[in-house]
Protein chains: 2
Amino acid sequence: MAERKREKRDPQQRRAEILAAAFACFSERGFAATRMEDVAARAGIAKGTVYLHFPDKEALFTELVSGIATPILGQIDGLAANEAIPPRFAISMFYTLFKREVLETERRHLLRLILAEGPMFPAVTEFYHREIISKGLGVLRILLARAATRGDLRNPAIAEVPQIVIAPALLSIVWTTLFEAYEHLDTQNLFDAFLETLFVPEGGAK
Amino acid sequence: MAERKREKRDPQQRRAEILAAAFACFSERGFAATRMEDVAARAGIAKGTVYLHFPDKEALFTELVSGIATPILGQIDGLAANEAIPPRFAISMFYTLFKREVLETERRHLLRLILAEGPMFPAVTEFYHREIISKGLGVLRILLARAATRGDLRNPAIAEVPQIVIAPALLSIVWTTLFEAYEHLDTQNLFDAFLETLFVPEGGAK
DNA sequence: AATGTTAATGACCGACCAGTCAGTCACAAT
DNA sequence: ATTGTGACTGACTGGTCGGTCATTAACATT
């Protein structure tokens, strides 16, 4: 039954398969509860093979969470570059991007993983702060400052606390991965209502 | 050295000591990484003794997280009861209460625990949604509706998404327990700026 | 003082699992 | 066909830890 034949692979491809399997396992069971054998089985290989590609469980985990994040980076700071884009539109795009690329994909589990396992892996937390949070806040700071000078913000003071923009995104992640089963949250509505609260209504800007 | 003598105790007190020790251990290392022996040692007793008070590790954990939350409940819905209290003030008090009773105490670790271990313990998640989140949202819904009819809200539509009010609180928990070491977040400022954004400025109300 | 009662102890058991490594097999080179 | 290479395998090891229980100590009763 399901006789698994030995099969050589391109190392890159094998690596990717292991990472994909590891992602699935870690996502649904957490770091501690995931067994290396589970990962191997999911990747369709033997346990020992995993160790040909990653030194140990922790390395597999950290490489995984670091690797998945990087691709998103490019998209983010593209938003601040073009000064012609109205700040409100840019932040709206930020939410849309977040929704489409994270919240509604398997990547949302990655974020939960970082929230959950972060304290156990300071290196991962530090990496995320440096590469994602810090850069994201930088972009938001620019956008909010621009919005403030244009008179687009109902409360210009929030330009000093760009974390506020992240708050609904964080909430949506936590809600959908914890409470969605008990009570639905309309994230689109959440983001829309929040944007409408931050920015003065249409026609209010000069 | 430190010869530990046998010592009988009032069962209630012993229980409380074990729960306190368990809270400390689970908070700082998570469920999986905490050993029952750690808990026992921290409580100053032998491992077997823990099992005289709790059937197993999981029961200890769930009882712990359920038990600590309950006391906060009373304070919360006191805020909605009195109609004379202006909604803005009530929500401001909500943040103050949250800051003083959760964010700046050891209880903040409890919240992180639920975020982190929640998916592993559906019973706990369900309990929290039912007893805390759901009730809290109910109160917020009332307060926001009241504020909307008084014309206090810059964007009345948020009365339909009370989760928005929770978002900054959630962010503050996650930030302080994950990123505070790398970048400070002034939570008072966060809450103040957010309140100022939600509500029309002084004198704007009727 | 002797006896009974019960909380407390910690050595022990067995399940579990990260990581290893001697051996195997697919494929390439000759 | 034969041989060499190294990716792959999975039984095994060493250690860990949740949970048990025979024993012991503290206290109560007589």
Side-chain angles (χ1 to χ4, degrees), chain A residues 1-26 28-65 113 117 120-121 123-124, chain B residues 1-26 28-65 113 117 120-121 123-124:
Chain A
M1 57 201 71
E3 283 297 316
R4 182 133 284 283
K5 286 272 135 249
R6 273 170 181 244
E7 194 177 356
K8 290 200 179 186
R9 288 299 190 85
D10 169 50
Q12 288 304 317
Q13 192 180 342
R14 201 19 64 95
R15 240 182 112 78
E17 285 171 1
I18 295 172
L19 282 170
F23 179 44
C25 293
F26 285 138
E28 64 191 37
R29 322 179 61 144
F31 179 80
T34 294
R35 296 178 302 135
M36 289 301 266
E37 223 169 320
D38 296 337
V39 175
R42 195 132 183 176
I45 57 178
K47 185 160 71 150
T49 308
V50 177
Y51 287 91
L52 297 177
H53 297 267
F54 300 90
D56 56 24
K57 193 182 178 186
E58 191 170 322
L60 176 60
F61 181 79
T62 58
E63 186 147 331
L64 174 71
V65 293
L113 262 187
E117 315 282 0
M120 307 285 249
F121 302 92
V124 170
Chain B
M1 58 201 69
E3 282 297 316
R4 182 131 288 281
K5 285 271 134 249
R6 274 170 184 242
E7 193 178 356
K8 292 199 176 184
R9 286 300 190 84
D10 170 52
Q12 288 304 318
Q13 192 181 341
R14 193 37 51 100
R15 241 183 111 78
E17 285 172 3
I18 295 172
L19 282 170
F23 180 44
C25 293
F26 285 138
E28 63 192 36
R29 323 180 60 147
F31 178 80
T34 294
R35 297 177 302 134
M36 289 301 264
E37 225 169 318
D38 297 337
V39 175
R42 196 131 179 178
I45 57 179
K47 184 162 67 150
T49 307
V50 177
Y51 287 90
L52 296 178
H53 298 265
F54 300 91
D56 57 22
K57 192 183 179 185
E58 193 170 322
L60 176 60
F61 181 79
T62 58
E63 187 147 333
L64 174 71
V65 293
L113 261 188
E117 315 282 359
M120 306 286 246
F121 301 92
V124 171

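Note on naming: letters A, B, ... go to the chains in the order of the sequence lines (proteins, then strands), and numbering restarts at 1 for each one.
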**OP:** Using the six-membered ring wherever Trp is involved, compare the ring planes of Phe26(B) and Phe31(B) and label them parallel, tilted or perpendicular (cut-offs 30° and 60°).
**Re:** parallel
Subject >> Selection from dA7(D), dT9(C), dA18(C) that lies nearest to any side-chain heavy atom of Leu52(A) >> reply: dA7(D)
Original post:
Atom CZ of Arg29(B) to atom C1' of dC17(D): distance rounded to whole Å?
Top reply: 13 Å
Subject >> 5'-most by nearest nucleotide on DNA chain C - Thr49(A) or Glu37(A) >> reply: Glu37(A)
**OP:** State whether the number of non-hydrogen atoms from other residues, nucleotides or ligands found under 6.0 Å of Glu28(A) atom CD is greater than 12.
**Re:** yes
**OP:** Could you tell me whether the side chain of Lys57(A) and the main chain of Thr34(A) form a donor-acceptor pair under 3.5 Å?
**Re:** yes
Subject >> Ile45(B) side-chain proximity, nearest of dT9(C), dG18(D), dC8(D) >> reply: dT9(C)
Original post:
Under 4.0 Å between a side-chain N/O of His53(A) and OP1 or OP2 of dA7(D), yes or no?
Top reply: no
**OP:** Quickly work out the Ile18(B) CD1 to dA7(C) P distance and round it to whole Å.
**Re:** 13 Å
Original post:
Taking only side-chain nitrogens and oxygens of Lys47(A), does any of them come within less than 4.0 Å of OP1 or OP2 of dG10(D)?
Top reply: no
Subject >> Arg29(A) versus Met120(B), closest heavy-atom pair with distance >> reply: O-CE, 3.0 Å
Original post:
Rounded to whole angstrom units, what separation is found between the CZ atom of Phe31(B) and the C1' atom of dC17(D)?
Top reply: 12 Å
Subject >> Candidate nucleotides dA8(C), dG19(D), dG10(C), ranked by approach to the side chain of Lys57(B) - the nearest >> reply: dG19(D)
**OP:** Return the value, rounded to whole Å, for the distance between atom CG of Asp38(A) and atom P of dC17(C).
**Re:** 8 Å
Subject >> Rounded interatomic separation in angstrom, taking CZ from Phe61(B) and P from dG18(D) >> reply: 14 Å
**OP:** Identify the two heavy atoms, one from Val39(A) and one from Ile18(A), that lie closest to each other, and give their separation to 0.1 Å.
**Re:** CG1-O, 4.0 Å
**OP:** Please determine, for the side chain of Arg14(B), which listed nucleotide (dG19(D), dA18(C), dA8(C)) has the closest atom?
**Re:** dA8(C)
**OP:** Write down the distance between CG (Asp56(B)) and P (dT20(D)), rounded to a whole number of angstrom.
**Re:** 8 Å
Original post:
Given atom CD of Gln13(B) and atom C1' of dA8(C), what is their separation to the nearest angstrom?
Top reply: 15 Å
Subject >> Distance, rounded to the nearest Å, where Met36(A) contributes CE and dC16(C) contributes P >> reply: 19 Å
Subject >> Selection from dG18(D), dG19(C), dA8(C) that lies nearest to any side-chain heavy atom of Arg35(B) >> reply: dG18(D)
